[in-house]
Number of protein chains: 2
Amino acid sequence: MATGTEGLRERKKQRTREAIIDAALRLFTERGFEHTTVADIAAAADIAPRTFFGYFPTKEDVVFHDFEATFGSLDERLRSRAPGESAIDAMRDWIASMLAQTDFNDPRELCQRRITRSTPALLEHERTLMARFEAALGEAVAQDLGADQGPLRPRMVASAATAALAMLEAFYDDKVELLNGELDPMAMVDEALTFLKGGIEALRERPPAPVPVRSPT
Amino acid sequence: MATGTEGLRERKKQRTREAIIDAALRLFTERGFEHTTVADIAAAADIAPRTFFGYFPTKEDVVFHDFEATFGSLDERLRSRAPGESAIDAMRDWIASMLAQTDFNDPRELCQRRITRSTPALLEHERTLMARFEAALGEAVAQDLGADQGPLRPRMVASAATAALAMLEAFYDDKVELLNGELDPMAMVDEALTFLKGGIEALRERPPAPVPVRSPT
DNA sequence: GGCAATCATGCACTGATTGCAATCACGCAG
DNA sequence: CTGCGTGATTGCAATCAGTGCATGATTGCC
C-alpha cells in the first residue's frame, strides 16, 4: 500500500494514462498539436492506437486531462457551500485554495497553456470546457438570487466571473513578468468580484425581473 | 439591380451558395447534423462534394452562414461610433436595429437555432464565433475605459454583454411563448446594460487596475 | 484452479478535409 | 464571333480522427 490506492489494475491504468499525457504533451510541444497524430502519441506511449481512445475521447482532451478533477472540485465546493455563503464567495474561496496549491512552474501546466494558446482547435475546446464552469456557477448564482430574478442575471454574473477566471490563466502564460511585478492573482479575482457585486447591486435597486417565460402549469 | 450586383459569374456563385445552405439546412432538420454527410449536402445541392469546401471551410460553417455579415455589422458600428458615444451604447443601438430588421419567422433562422441547440459540435462552434463578438466588444470597451484600467475589466464587460446577447437567441427558440407574453427583447438588453454599468461604476470608485501584461493573439 | 469482468488490440469502415492536376465556363480583347 | 487568361468545378488519392466489433490477455474474486 505504497502508492496504489486500488488494485494492481487501477495502478496500471493510471500509469498508462500518465504515459499518454506525458508522451502527448511532449510531442505537442515538439511538433505542435496539429502535426502530431494519435498514432504518434500511441507509439510514444507504447500502446496501440486504438487504446488511446479508451483513455481520452478526443485528441484535444489529453491537453485538458485535469479538467474533470478541477471542475469537480469547483462544483463540489459550490454545492456544499454553507447556507449563508454566497456562490460568489464560495468561488472566491475555491480560487484561493486552488491558487495556493498551484505550482506555477509545473512544466506540464506551462506547456499545456503554451500549446493551447497557439492552437485554434484547443482554444475552441477550452471554451467549451469553460462553459461548464459557467453553467455550474450560473446555477449556483441563480440559487442565490432566486428564481424571480429571471435567467439572465445569473448567466451574466457567471459569464463575467468566467472571464476573470480566464484572465487568471495569463498567470501561467506570463508568470515571469507577473510574479516579478509581485502581482497578486487574488487582486484580479477581487476586482472581478467587485464588478459582479456592483452589477448585481445596480439591478437590485432598479427594475424587477422581466423574462418570465411560460406560466406555471 | 434585381438580384445580381456583379456579373453572371458572381450571381451564379451566390446561387450555388444559397443552394448549399438550403440543402444543408433542410437535411440537417430532417436527419440531424451528425447524420448528414457533406456528400449528402453536395448531392442535394447538385454540386461535387469537393466543391462544397470551396464555399464553406467546414460543415459547421453552413449553419452560421450569416455570421460574417452580422459580425462585420457590429464591428463596423463599434468602430465608427461617434466620439462621445460609448461602446455599450453603440452596441445597444446596434442590437435595436438588428432586432428591428429580424424576421422571427424566417424558417432558416428558426431551424438554424433548433439544430444548433441540439448539436454539441454546433454549440461549440457557436461559442467560438461568439468569442469574436466578445473580442470586438472588449476592444471597444477597453478604449472607453482607457488603458490604465487594465485588460480584465473590458473583458468582463464584454463577456457579460455577450451572455445577454446569447440570451436573446432564446427569442428564436421560444418565440411563441415569449411573443405571446408580449416581452420586449430590448428589456433584456437594458437589464444587461444596467448590470454592466453598475459593475463598471463599482470599479470606478474602487482601486486602480492591477494586472498588466498579456500578449494579444 | 477457474469464471466473469476488464483491458488492450487488430481490423475494417465512415467521414471530414486537403492537395493536386485536369477541365470548364465567364468576361474581355481583338 | 473567337481565342485567352483567370477563377470555378471536379475527380482522385491520401491523411487522419473516431467508432464498432470480435479476439485474446489480464486481473479480481470465490
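All values below come from the heavy atoms of this structure, side chains included, with hydrogens, waters and symmetry mates left out.
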Q) Reading nucleotides 7-15 of chain C 5' to 3', which nucleotides get B (base under 4.0 Å from a protein heavy atom), which S (sugar-phosphate only), which -? A) SSBBB---S
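Where DNA chain D meets chain B (any atom under 4.0 Å from a heavy atom), the bounding nucleotides read 5' to 3' are dT6(D) to dC12(D).
Not one N or O on the side chain of R113(B) forms a donor-acceptor pair closer than 3.5 Å with the backbone of L110(B). Using modelled atom types, one side-chain atom of D40(A) and one backbone atom of T37(A) make a donor-acceptor pair closer than 3.5 Å.
Partner of P185(B) under the side-chain contact (heavy atoms from CB on, under 4.5 Å) criterion, chosen from D190(B), L99(B), T102(B): L99(B).
Between F52(A) and F56(A), the two ring planes are tilted [angle within 30° to 60°]. Classification of the W94(A)-F133(A) ring pair by plane angle, with boundaries at 30° and 60°, yields tilted.
Under 3.5 Å, the side chains of R127(A) and T128(B) contain a donor-acceptor pair of N or O atoms.
Counting only heavy atoms from C-beta outward, the side chains of E134(B) and L165(B) never approach each other to under 4.5 Å.
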